[in-house]
Amino acid sequence: MKHAGIKNGGMKDWLHFATRLARNPRAVGAIAPSGARLARLMAAEVDSIGHGRVLELGPGTGSITRALVAHGIAPDRIVAIEADARFARTIAKKFPGITVIQGDAFDLKHLEGDEPFDAVISGIPLRNFPGERGQQLIEGMLDRLPGHGLFVQFSYGLRPPVERRNGLGVRLAGTSWRNVPPARVWVYRKTA
Ligand SMILES: C[S@@+](CC[C@H](N)C(=O)[O-])C[C@H]1O[C@@H](n2cnc3c(N)ncnc32)[C@H](O)[C@@H]1O
């Protein structure tokens, strides 16, 4: 059976994923694109909130982007930030209507603008970034979202990539055992 990321993304995308993984393993942080079940688990969390925009960090070959659209999030509500030029071009081509920015997901200015965001959905390999960068990203983004806003992150460890602390809550939304490797979906919210 083909891996879902290969089946949906096409062999060219997969080859680029593998090449980028070989050149910059820390930035890619996964041995394969996310599978469809993991992507659905993530999109289902975003589905349950309001009608604001959704910021996707590190869409790669687009597994999670596809799940967002399949869950009924209109493409014009999605803004995707991808560091790699080729992945960014691929996302723009595959998903007309989505705003794609080739840039740094850690730049909080992506949440600025007149139209509010409700959620951030992230495929960034947070554990690969040093020190407090993961925590700063999640807290910085939640500070810029409305009170009901959420930050959805997948991760391969048993524990959340950033632990709960004062003002920051996290819950396990689900585990995709069939993902390669198995992955968990964590949902962060502000608690104060
Ligand atoms: C683990 S892959 C996930 C790809 C896709 N979301 C998925 O689930 O299959 C990580 C992605 O994040 C991108 N990335 C890593 N660091 C980034 C950064 N600072 N800003 C934007 N994108 C970044 C990589 O280029 C890659 O596409």
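Both ligands and their constituent atoms are indexed starting at 1 by order of listing. Only this structure's heavy atoms are used, side chains among them; waters, hydrogens and symmetry mates stay out. Keep in mind that what you see is a predicted model, and the values were worked out from it rather than measured. Nothing fancy with the numbering, it's 1 onward along the sequence.
- The protein atom (non-hydrogen) at minimum distance from atom 4 (C) of ligand 1 is G58 O, 3.4 Å.
- Panel note: side chain R184, backbone L158; a donor-acceptor pair is recorded below 3.5 Å.
- Under a hydrophobic-cluster definition in which Ile, Leu, Val, Met, Phe, Trp and Tyr are linked whenever side-chain heavy atoms come within less than 4.5 Å, directly or via other members, I138 and L145 are assigned to the same cluster.
- Salt bridge annotation for R53-D76: absent, with no cationic side-chain nitrogen under 4.0 angstrom from a carboxylate oxygen.
- Close contacts of ligand 1 with S63, meaning ligand atoms under 4.0 Å from a residue heavy atom, involve 9 (O).
- Counting only non-hydrogen atoms, the option in A105, G60, A183 that gets closest to atom 20 (N) of ligand 1 is A105.
- Close approach to F129 involves these atoms of ligand 1, each under 4.0 Å from a residue heavy atom: 16 (N).
- For residues 109-124, the pairs satisfying salt bridge (Lys or Arg N to Asp or Glu O under 4.0 Å) are D107-K109, with sequence neighbours left out.
- Closest heavy-atom approach to atom 5 (C) of ligand 1 within the set P59, G35, P125, A85: this belongs to P59.
- When the options G123, A80, A67, S155 are ranked by their closest heavy atom to atom 10 (C) of ligand 1, first place goes to G123.
- Counting heavy atoms under 4.0 Å from ligand 1, residue D104 touches it through both backbone and side chain.
- Within the listing of ligand 1, atoms 8 (O) sit less than 4.0 angstrom from a heavy atom of F154.
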Query raised in the report: For L168 and N166, what are the C-alpha separation, side-chain angles and deciding distance, and is it a side chain to side chain contact (heavy atoms under 4.5 Å, CB included)?
Result: CA-CA 6 Å; L168 181 68; N166 252 354; over 6 Å; no

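- Any N or O atom pair closer than 3.5 Å counts here, and I124 shares no such pair with ligand 1.
- Taking a cut-off of under 4.0 Å to the non-hydrogen atoms of R20, the atoms of ligand 1 that pass are 24 (C), 25 (O).
- Residues L172 and L41 do not share a hydrophobic cluster, clusters being chains of Ile/Leu/Val/Met/Phe/Trp/Tyr side chains in contact below 4.5 Å.
- The shortest N or O to N or O distance between D84 and ligand 1 is not under 3.5 Å.
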Using a 3.5 Å cut-off and no angle test, enumerate the donor-acceptor pairs between side-chain atoms of residues 15-23 and protein atoms at least two apart in sequence or in another chain.
| from | atom 1 | to | atom 2 | distance (Å) |
| --- | --- | --- | --- | --- |
| H16 | NE2 | D84 | OD2 | 2.7 |
| T19 | OG1 | L15 | O | 2.7 |

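- Counting atoms of ligand 1 from 1 in the listed order, those under 4.0 Å from a heavy atom of G103 are 20 (N), 21 (C).
- Remark: among candidates G62, S34, A39, the nearest residue to atom 8 (O) of ligand 1 is S34, based on non-hydrogen atoms.
- At under 3.5 Å, not a single nitrogen or oxygen of F106, backbone or side chain, sits near a nitrogen or oxygen of ligand 1.
- Close contacts of ligand 1 with F87, meaning ligand atoms under 4.0 Å from a residue heavy atom, involve 27 (O).
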